[in-house]
Amino acid sequence: MSGPGDSWRLRESYTFDRHVIAEIHRAANTGVYRIRGWGAKRKMPILDDLVFLGASMSRYPLEGYRESCGTDLVIGEERAARPLRIDIPITIAGMSFGSLSAQAKEALGRGASAMGTSTTSGDGGMLPEEREHSSKLVYQYLPSRYGQNPDDLRRGDAIEVVVGQGAKPGGGGILLGQKVSERVAGMRTLPSGIDQRSACRHPDWTGPDDLQIKIHELREIVDWQVPIFVKIGAARPFYDTALAVKAGADAVVVDGLQGGTAATQDVFIEHVGIPTIAAIPEATRALQDLDVHRGSVKLIASGGIRSGADVAKALALGADAVSIGTAALIALGDNDPAYDDEYRKLGSAAGFWDDLQDGTDPAGIATQDPRLTARLDPVIGGRRLANYLQVLTMETQTIARACGKSHVSNLEPEDLAALTVEAAAMAQVPVAGTDWIPGARRKR
Amino acid sequence: MSTPHPVTTVDLAETPLRDLNRTLHQARQGSFRVLNPRGAHAVACGIDADIAVEVHGSVGYYCAGMHQKGSVYVDGNASTGLAENIMSGTVRISGSATMSAGATGHGGLVVIEGNAGARCGISLKGADIVVGGNVGHMSAFMAQAGNLVVLGDAGADLGDSVYEANLYVRGEVVSLGADATEKDMRAEHVRTVAGLLDAAGMEADPVDFKRYGSARNLYNFHIDDIDAEVARRAG
Ligand SMILES: Cc1cc2nc3c(=O)[nH]c(=O)nc-3n(C[C@H](O)[C@H](O)[C@H](O)COP(=O)(O)O)c2cc1C
């Protein structure tokens, strides 16, 4: 980095670097913790630290374009009269109307539908625009219960009981007053303009035994029509996954440390939870222990998924599908360099902007300001998202074929090696070129 | 309960719960009598029609959960989450309810003739709850809208982080939670309580109730700006 540090005599502190100094100044000026959007920005082991081995003398690849490589997935076949069938193993994660504009929600629905996959409501209820444009919509059941009602519950193609989120395992939602417009406030039964902090615990159940009864109630209300997911922030994924299965989930959604958010305390985003690469193998191990892996209970992983390589690695580690939030928003135009001037006026820059909480998103995605939301054309946005999902799918298939798999769900840990000791230990795959798995639990 | 329709009796000692709820979901009108609930969970949840259901005996969790339109009467006690997220209609029990009765209710009326346990009316969103006896600790936690009327006493931390719901208590309140405060009982509030007592069929003088609600001090983060002040002072 250039700047004053050009002088060879100046040395920046590793402990008190410029970000730390700026944050202490900010805290001293305002007396309130920093709230922001996006996910963890710190360096951490991620899926890039893994590589695929590909085919070799003993493994035969499939032809890139000619041989079929399936990508479909069915969730909830065992218990739901209408299981959720998706064509690609990539879904759109729950993002609330309120945090996002109605245009953004509609665009997500359009893009997901074009690719035959599902989108998800969020904290704040189901938006009519979203339902109309989503062929498959997962309805979230959250601690806040904003706008929660049995009609929407029955309109959902699946129900996702949210226990936690990777950006803040143990924390509730925040929506700052600037974004609590009349419509948002109305859907949440709150006064407009308040800094709305939603509950972090469900109001009518605590613990896995209660959850089992809650899931049973939800199934009864919807007459056992649709599957039920349980979403957890990656904290103790082995135990949480096992308990979710015991409680009767058809799918467990595990959201890693780097999972995005619309508004959370920075200290929470950066310091609570474990990375996605560490969470997937733990959740997988729990499903294997209970003999439901790649069977009656599906695993959906999220948190920092960006590319087909990430998708393929998540599947190889044991996930049945992934879910994307931040990447989907970027596909719609979030952090677009075309708006760099405007990002700079907000004290940020294209490529750095993370103030999804403050309602001023120049791209018209994370805002309720009609002047800004008008910039996002839901039809164009939907096409962008569909194209992006298409690329993720093709990339995933490319890797799967190279590993000789006729279905992406056949990817397995044996297809992977790790580039770092940390990644090897977390992912439970060997360091590349060795047969060493630090802290190995599983016999290979 | 008079109705032109014959009463359908469902005995849960013989009939699976699934069959009961399916029957109730398919019915568009009529009256139903449920026997031998024996603490079953999710009894009569998800009703969405103008039907009348009478349950003879005590029920488990989430009885009349997400209730709409019709009425459910339980002659007995109820466990956690009675009438949780009720949208409209009426749910009434002759006995007591444990935790989270009427949680997150958006509309309609919940009447508990006995006591309610902890977190009664938690995250209430517009429904009305009338409790003949006492309510437990943390009742009306984060309650957003609607009314909680308590003829007896309220446990600790009543109305913690309450938004715009009104809490009316006739007896003692052990303590108020964060940002909850006692408020004026104006004529309109006396009328509200009178109306709810009437709807619940309960005898009490509305002027004997005290009203509690939000002090609204937690509605927005308090954000200082020392830099701006220093700049101002410097002219
Ligand atoms: C703008 C935004 C809003 C979100 N809102 C919700 C929500 O309402 N409920 C929820 O469970 N998760 C919410 N999340 C988290 C996502 O569902 C998902 O877990 C996360 O975005 C996945 O990580 P990724 O962003 O790295 O893909 C939100 C995320 C973002 C970016």
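A, B, ... follow the sequence lines: proteins, then strands. Residue 1 opens every chain. Everything numeric in this text was worked out from a predicted model, so none of it was measured.
Closest non-hydrogen pair, A/Gln148 versus B/Met66, comes out as CG-CE, 3.8 Å.
Atom CZ of A/Arg145 and atom CG of B/Leu124 lie 13.0 Å apart (nearest 0.5 Å). A distance of 10.5 Å separates NZ of B/Lys125 from CZ of A/Arg188, quoted to the nearest 0.5 Å. Taking CE of B/Met142 as the start and OG of A/Ser144 as the end, the distance is 8.5 Å to the nearest 0.5 Å. The CZ atom of A/Arg219 lies 13.0 Å from the SG atom of B/Cys45; values are rounded to the nearest 0.5 Å. Considering CG of A/Leu190 and CD of B/Gln144, their distance stands at 4.5 Å, rounded to 0.5 Å.
In this structure, A/Lys214 is positioned above the aromatic face of B/Tyr62, its NZ or CZ under 6.0 Å from the six-membered ring centre and within 45° of the axis.
Contact annotation for A/Leu176: only side-chain heavy atoms (C-beta onward) come within less than 4.5 Å of a heavy atom of chain B. Within the 4.5 angstrom heavy-atom criterion, atoms from both the backbone and the side chain of A/Pro150 approach chain B. Both the backbone and the side chain of B/Leu17 have a heavy atom closer than 4.5 Å to some heavy atom of chain A.
Within a 6.0 Å radius of NE2 in A/His271, other residues, nucleotides and ligands contribute more than 12 heavy atoms. Atom CD of A/Glu182 sits in a sparse spot, with 12 or fewer heavy atoms from other residues, nucleotides or ligands closer than 6.0 Å.
For B/Asn85 and A/Asn149, the side-chain atoms include no donor-acceptor pair closer than 3.5 Å.
Under 4.0 Å is where a charged nitrogen must lie from a carboxylate oxygen, and between B/Arg119 and A/Asp204 no such pair does.
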What verdict does the side-chain hydrogen bond (donor to acceptor under 3.5 Å, both in side chains) test give for A/Asp195 and B/Tyr219, after you've listed the backbone C-alpha separation in whole Å, the side-chain angles of each residue and the deciding distance to 0.1 Å? CA-CA 6 Å; A/Asp195 292 332; B/Tyr219 277 17; over 6 Å; no
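With hydrogens and angles disregarded, a donor-acceptor distance shorter than 3.5 Å links the side chain of A/Asn29 to the backbone of B/Asp227.
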